[in-house]
Amino acid sequence: QEIVEARSGFGFSMEIQGKTDGEIPFYKVSDMNLAGNQIEMVYHNNTITTKQCADRRYKPAPEGTIIFPKIGAAVATNKKRILTRDSLYDNNVMGLIPTAKILSKYLFFWMLKFDISLWASQSMPPSIKKSTVDKFTIPLPSLKIQKQIVVKLSAVQDYKKQLLEQKAKLKELFNSALAKSMKT
């Protein structure tokens with residue numbers, strides 16, 4: 001019973017990199033580090049056109065796909081992100097595309113507790129193979145239970161985000177007060 005499709009990314013030749021006027025985001029592992037991409041992939045440094053996509057026979061992954069690094073030291077960062085729109089990603093990235101049996105957010109939350117390095121080979125550099133991911137199973141409650149879990153965890157995640165924003169504002173306020181107080 002397949003609940004996700006594991007899909008590796010595509011080769012991303014240098015001649016089409018660096019463009020941002022295309023319709024389809026083309027993510028690299030480094031895009032996972034962009035400000036605002038801590039959970040959902042919103043920002044990108046590369047796009048390609050629909051024509052380039054068709055010419056190369058690339059198949060964009062749908063919105064809701066969970067992506068993570070699959071090669072090298074980046075695997076150890078254990079990053080997971082959610083695509084917010086149909087997108088491509090390069091061959092250093094793998095995606096888990098949910099079927100109708102699993103909610104994308106449930107899959108994401110489950111993946112947050114899973115260490116993807118357990119899927120990695122012992123080779124240098126380490127890499128994650130689709131065949132390894134395909135053999136893995138995750139617990140799958142009913143869609144009703146998945147929705148309940150997502151609602152609860154989303155609320156906690158939103159609260160955490162608010163606290164982190166408050167922490168940043170307090171740090172800024174403290175640094176401003178410190179600078180004003182310590183003028184010589």
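- A donor-acceptor contact closer than 3.5 angstrom links the side chains of K28 and Q17.
- Between N45 and L34, the closest side-chain pair of non-hydrogen atoms falls below 4.5 Å.
- A distance of 12.5 Å separates NZ in K80 from CD1 in I67, rounded to the nearest 0.5 Å.
- Scanning both residues, G72 and P125, for their nearest heavy atoms gives CA-CB, 3.8 Å.
- Hydrophobic clustering of Ile, Leu, Val, Met, Phe, Trp and Tyr side chains at less than 4.5 Å, counting indirect connections, keeps V29 apart from I24.
- By the 4.5 Å heavy-atom criterion applied to side chains, R7 and K59 are counted as neighbours.
- Under the 30°/60° scheme for interplanar angles, the aromatic rings of F26 and F12 are found to lie parallel.
- Under a hydrophobic-cluster definition in which Ile, Leu, Val, Met, Phe, Trp and Tyr are linked whenever side-chain heavy atoms come within less than 4.5 Å, directly or via other members, I82 and M111 are assigned to the same cluster.
- Using a 4.5 Å heavy-atom cutoff, the side chains of Y58 and I48 are in contact.
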| task | Begin from the C-alpha positions of I71 and I128 and carry the test side-chain contact (heavy atoms from CB on, under 4.5 Å) through to its verdict. | result | CA-CA 6 Å; I71 295 176; I128 298 174; over 6 Å; no

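- By the criterion of side-chain heavy atoms lying less than 4.5 angstrom apart, applied directly or through intervening Ile, Leu, Val, Met, Phe, Trp or Tyr residues, V156 is not grouped with V150; the two fall into different hydrophobic clusters.
- If you check the side chains of T50 and E23, you find a donor sitting under 3.5 Å from an acceptor.
- In plain terms, the two heavy atoms of V133 and A6 that are nearest each other are CG1-CB, 3.8 Å.
- Surrounding NZ of K79 are more than 12 heavy atoms belonging to other residues, nucleotides or ligands, all under 6.0 Å away.
- Placement of L112 and V93 in two distinct hydrophobic clusters is found when ILVMFWY residues are connected by side-chain heavy-atom separations under 4.5 Å, directly or transitively.
- If you check the side chains of N37 and D31, you find no donor sitting under 3.5 Å from an acceptor.
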| query | Hey, mind stepping through K160 and L164 against side-chain contact (heavy atoms from CB on, under 4.5 Å) and telling me if it holds? | reply | CA-CA 6 Å; K160 177 183 172 185; L164 291 173; 4.1 Å; yes

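- Atom CD of E172 sits in a sparse spot, with 12 or fewer heavy atoms from other residues, nucleotides or ligands closer than 6.0 Å.
- Side chains of P62 and T65 form a contact here, defined as non-hydrogen atoms less than 4.5 Å apart.
- Cluster membership check: L103 shares its hydrophobic cluster with F108, using side-chain heavy-atom separations under 4.5 Å among Ile, Leu, Val, Met, Phe, Trp and Tyr.
- Residues T99 and V4 have side chains not in contact (no heavy-atom distance under 4.5 Å, counting atoms from C-beta outward).
- Within the 4.5 Å cutoff, the side chain of F68 has heavy atoms near those of the M94 side chain.
- Closest non-hydrogen pair, A120 versus V75, comes out as CB-CG1, 4.1 Å.
- Using a 4.5 Å heavy-atom cutoff, the side chains of F109 and Q157 are in contact.
- In this pair, W119 and F136 present their aromatic rings perpendicular. The plane angle is above 60°, beyond the 30 to 60° band.
- A perpendicular orientation is assigned to the rings of Y27 and H44, their planes being inclined by more than 60° (bins at 30° and 60°).
- The six-membered or imidazole ring of W110 lies away from that of Y106, with a centre-to-centre distance of 6.0 Å or more.
- Across V42 and G36, no two heavy atoms sit closer than the pair CG2-O, 4.3 Å.
- Side chains of K70 and S8: a donor-acceptor N/O pair is present below 3.5 angstrom, by distance only.
- Of all heavy-atom pairs between Q146 and L140, the closest is NE2-CD1, 3.4 Å.
- Taking both residues in full, the closest heavy atoms of L88 and C53 are given as CD1-SG, 4.1 Å, listed atom of the first, atom of the second, then distance.
- One distance of note links CD1 of I16 with CG of N46; it measures 8.5 Å at 0.5 Å rounding.
- When each of Q52, K51, R57 is checked for a side-chain hydrogen bond (donor to acceptor under 3.5 Å, both in side chains) with D55, only K51 meets the rule.
- Counting heavy atoms from C-beta on, the side chains of I116 and P69 come closer than 4.5 Å.
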